[in-house]
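A short write-up of the structure that comes next.
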Amino acid sequence: MRTDRPPPPPRSAAARWCVLGGLPNGRLALVELTADGSPISTTQLDAAQLPELVAQQEGAARRDGASPPRWVWADAAAWYPQLLAAGIRVERCHDLRLVHTILRHSQRVQDHAPIRGADAWDVPVLPPVTESPSAGATLFDVDNGTAARGAVPAGIDEVLAEFTRQRAAIESARELSSDRARLRLLVAAESAGALIAAELQAAGIPWDVAEHDRILTEQLGPRPRFGQVPELVAHKAAQVRDALGDPLLSIESQPRLLRALHRAGVDVRSTSQWELMGHGHPAIAPLLQYKKMVRLLTANGWAWMDEWVHEGRYRPVYVPGGVVTGRWASSGGGALQIPRQLRPALRADPGWRLVSADVAQLEPRVLAAMANDQGMIRAGAGTDLYAGIVAAGVVATRQEAKVGVLGALYGGTTGDSGRIVPRLRRTFPRAMALVDDAARLGEAGGTVSTWLGRSSPPADAAWTSAQQAANLPDASTAEQERTRRSARDRGRFTRNFVVQGTAAEWALSWMAGLRLALSRFEEVPENQAARASGPAFARRAHLAFFLHDEVIVHAPAAEAEQAAHAIQEAADAAGLLLFPGSGIDFPLDLAITERSEEK
DNA sequence: ATACGACGCGCG
DNA sequence: AAAGCGCGCGTCGTAT
């Protein structure tokens, strides 16, 4: 006979890992392990009992002043949303899917064979969560040991086996030069990111549809009936057609627009705005305005609002580890591409505030710390690293400093950037050597790694054989030129990989620390909660938005100052955690507002 | 009908 | 001014 009572509380307080997986009979298994991986106990439970069991484990540890266990599961994106929907948060986890991807390639791992052999865990792209978590839905549809998402194995035996492989792979990293400690940090940070991504989606971004509609109406005209073009857009299109003398022109079609421009005597190679900008023809100004309007309408217009904003929350799907460098991607709704002109639609709930923070020049600061380039670290001592470079006498203006640094990070060789980069190479030799070495390795087909040990994907077989073929005496000049260009492309990728990837690691560490700090904030009474329909954790200050080097915390007004303080403290802590003793600063631009500001 | 690459443009 | 890196998404045009 089945019972809905939860299983008895776990006996041992010594459990460090709580491994979750499915059983062939459709129930769930919880296996507790000690720190060294020895099993303590196995509990069988029904899916419906899981939230309470997790809550018990988290709560018991907290009452004892101990760290809660680390939950080990195949894929946080498959397990965690349902827990959040039931009002349960966990403090820490180990996400086998994300960690597998890291360990599979990491050059810090000495023996890759076991991990690479477990190719059922190779899931290149995360399928988006299709349904928002809702309490009524079936919690876990565990069938044949595979979770509903079906992406990675979720049966308890497979989960335990992969966890064992992963711990062995991490242990195989060299202890010297702190490879192992950094890899552990990366694994923890990546897993924390998986929790944060699920929480961000559950909490949503507080979104003011009235303000959004006001912006759209101001720019495009009032919302038209379905299938109609907004008034100001139609008017602008008419101006363009008029100026080009082509009353039936389909402006959306690039080939036709290009031909119309040529007929009107505008000599452009493409219809992109930077190329149009230089021309004085009377069609150009309205065309550029038209493009802006159509972009706003199609990307973030009323249809977007209807689809993505509900009950005052925009809930995008974040994809942790979605970019090879370790950056997050997003899927659906374009969370990482919200145009700045719509920023005022981000608005705190009544009595709450948005606490926004972005890091000033994150990537160059990360580079300075990685390379231990004292000159560059000194240039970053103030709040503006570019101003510091000007003060060091390298260049005359902030703009030149910025163009030069971006050229160094991206591999710019032409124009202003190509002119300035050599000067940076003289002034900041260690920083430049780090990115130049990464580029040289990549050009030669090699692999590079971030500070914590995420490695770039290896050159594929076709690339390598093309490079080799171009070195043979019978290779044509065209072929040699093509492969040289391809080698330089790869060099620019690996050059940027080490910096972009390490910046992503810093940002994950920042958010992970901030998340823990915020979880200790006071809860407000339910009647002052941000949203009755929101998750329970949204009753206190919580993360609401993340964009590479920027976070927004949604906080009760009385706690906003404290939240701002926590954000800066977490940034300082992340700097010390990744780069102890380097002296690098990570200053933030902080603002407490009711409404996010257009910049 | 559907798939896919190119293009253009939004974000860092 | 863009360039030089990493993305997602809407549209068009062509291939299937």
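Protein chains get the first letters and strands the later ones, always in sequence-line order, with residue 1 at the start of each.
The residue A:Asp416 sits close to a base: some heavy atom pair falls under 4.0 Å. Counting non-hydrogen atoms under 4.0 angstrom, A:Ile338 reaches the backbone sugars and phosphates but no base. Residue contacts shown for A:Leu409 are absent, as no nucleic acid heavy atom lies under 4.0 Å away. Using a 4.0 Å heavy-atom distance criterion, A:Thr298 is classed as a sugar-phosphate-only contact. Using a 4.0 Å heavy-atom cutoff across all strands shown, A:Gly333 reaches sugar-phosphate atoms only and no base atom. Nucleic acid contact class of A:Gln273 (heavy atoms, under 4.0 Å, all strands): sugar-phosphate only. Using a 4.0 Å heavy-atom cutoff across all strands shown, A:Val499 reaches no nucleic acid atom at all.
Below the 3.5 angstrom threshold, one finds a donor paired with an acceptor across the side chain of A:Arg327 and the base of B:dG12.
Between A:Gly418 and A:Gln500, the residue whose closest nucleotide on DNA chain C is further toward the 5' end is A:Gly418. Each of A:Thr413 and A:Arg295 has a nearest nucleotide on DNA chain C; the 5'-most of these lies closest to A:Thr413.
Atom pair A:Lys292:NZ and B:dG10:P shows a separation of 4 Å (rounding to whole Å applied). The CD atom of A:Glu275 sits 11 Å away from the P atom of B:dC9 (whole-angstrom rounding). The CE atom of A:Met277 sits 13 Å away from the C1' atom of B:dG8 (whole-angstrom rounding). A:Tyr318 has its OH atom 13 Å from the P atom of B:dG12, to the nearest Å. Rounded to whole Å, atom P of B:dC11 lies 14 Å from atom CG of A:Asp549. Whole-Å rounding puts the A:Arg269 CZ to B:dG8 C1' distance at 13 Å. A:Tyr290 has its OH atom 14 Å from the C1' atom of B:dG8, to the nearest Å. Taking atom CD of residue A:Glu363 and atom C1' of nucleotide B:dC11, one finds them 13 Å apart after rounding to whole Å.
The existence of a salt bridge linking A:Asp373 and A:Arg430 is excluded, since no basic side-chain nitrogen approaches an acidic carboxylate oxygen closer than 4.0 Å. A salt bridge links A:Arg327 to A:Glu363: one of the charged nitrogens lies within less than 4.0 Å of a carboxylate oxygen. Using a 4.0 Å cut-off between charged nitrogen and carboxylate oxygen, A:Asp437 and A:Arg495 do not count as a salt-bridge pair. The pair A:Glu597-A:Arg340 fails the salt-bridge criterion, with no side-chain N (NZ, NE, NH1 or NH2) lying under 4.0 Å from an Asp/Glu carboxylate O.
Note: A:Phe586 and A:Phe579 have parallel aromatic rings, judged against thresholds of 30 and 60 degrees for the angle between ring planes.
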What does the 5'-to-3' dot-bracket notation of DNA chain C look like when only Watson-Crick and G-U wobble pairs under 3.5 Å count, and pairs to other strands show as |?
....||||||||||||

Evaluate the salt bridge (Lys or Arg N to Asp or Glu O under 4.0 Å) criterion for residues A:Glu481 and A:Arg484: first the C-alpha distance (whole Å), next the side-chain angles of each, then the deciding distance (0.1 Å), finally the verdict.
CA-CA 5 Å; A:Glu481 179 46 41; A:Arg484 264 313 291 160; over 6 Å; no

With side chain to side chain donor-acceptor pair (under 3.5 Å) as the criterion, how do A:His235 and A:Glu231 come out once you've worked through the C-alpha distance, each side chain's angles and the decisive distance to 0.1 Å?
CA-CA 6 Å; A:His235 182 66; A:Glu231 188 185 315; over 6 Å; no

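Contact detail for A:Leu276 and A:Ile284: the closest heavy-atom pair is O-CG2, 3.4 Å.
Remark: A:Lys291 is in phosphate contact with B:dC9, judged by side-chain N or O atoms under 4.0 Å from OP1 or OP2.
Remark: A:Arg313 fails to qualify as a cation-pi partner of A:Trp207 under the 6.0 Å distance and 45° angle criteria applied to the six-membered ring. Cation-pi geometry between A:Arg315 and A:Trp308 is not met at under 6.0 angstrom from the ring centre and within 45 degrees of the axis.
In summary, contact between chain A and DNA chain C, defined as any nucleotide atom under 4.0 Å from a heavy atom of the protein, begins and ends at C:dA2 to C:dG13 in the 5' to 3' direction.
Ranking B:dG8, B:dC9, B:dC11 by closeness to the A:Ser270 side chain, first place goes to B:dG8.
The glycosidic torsion of C:dG4 lies within 90° of 0, which places this base in the syn conformation.
Counting only distance, with no hydrogens or angles, the side chain of A:Asp358 and the backbone of A:Glu550 share no donor-acceptor pair below 3.5 Å.
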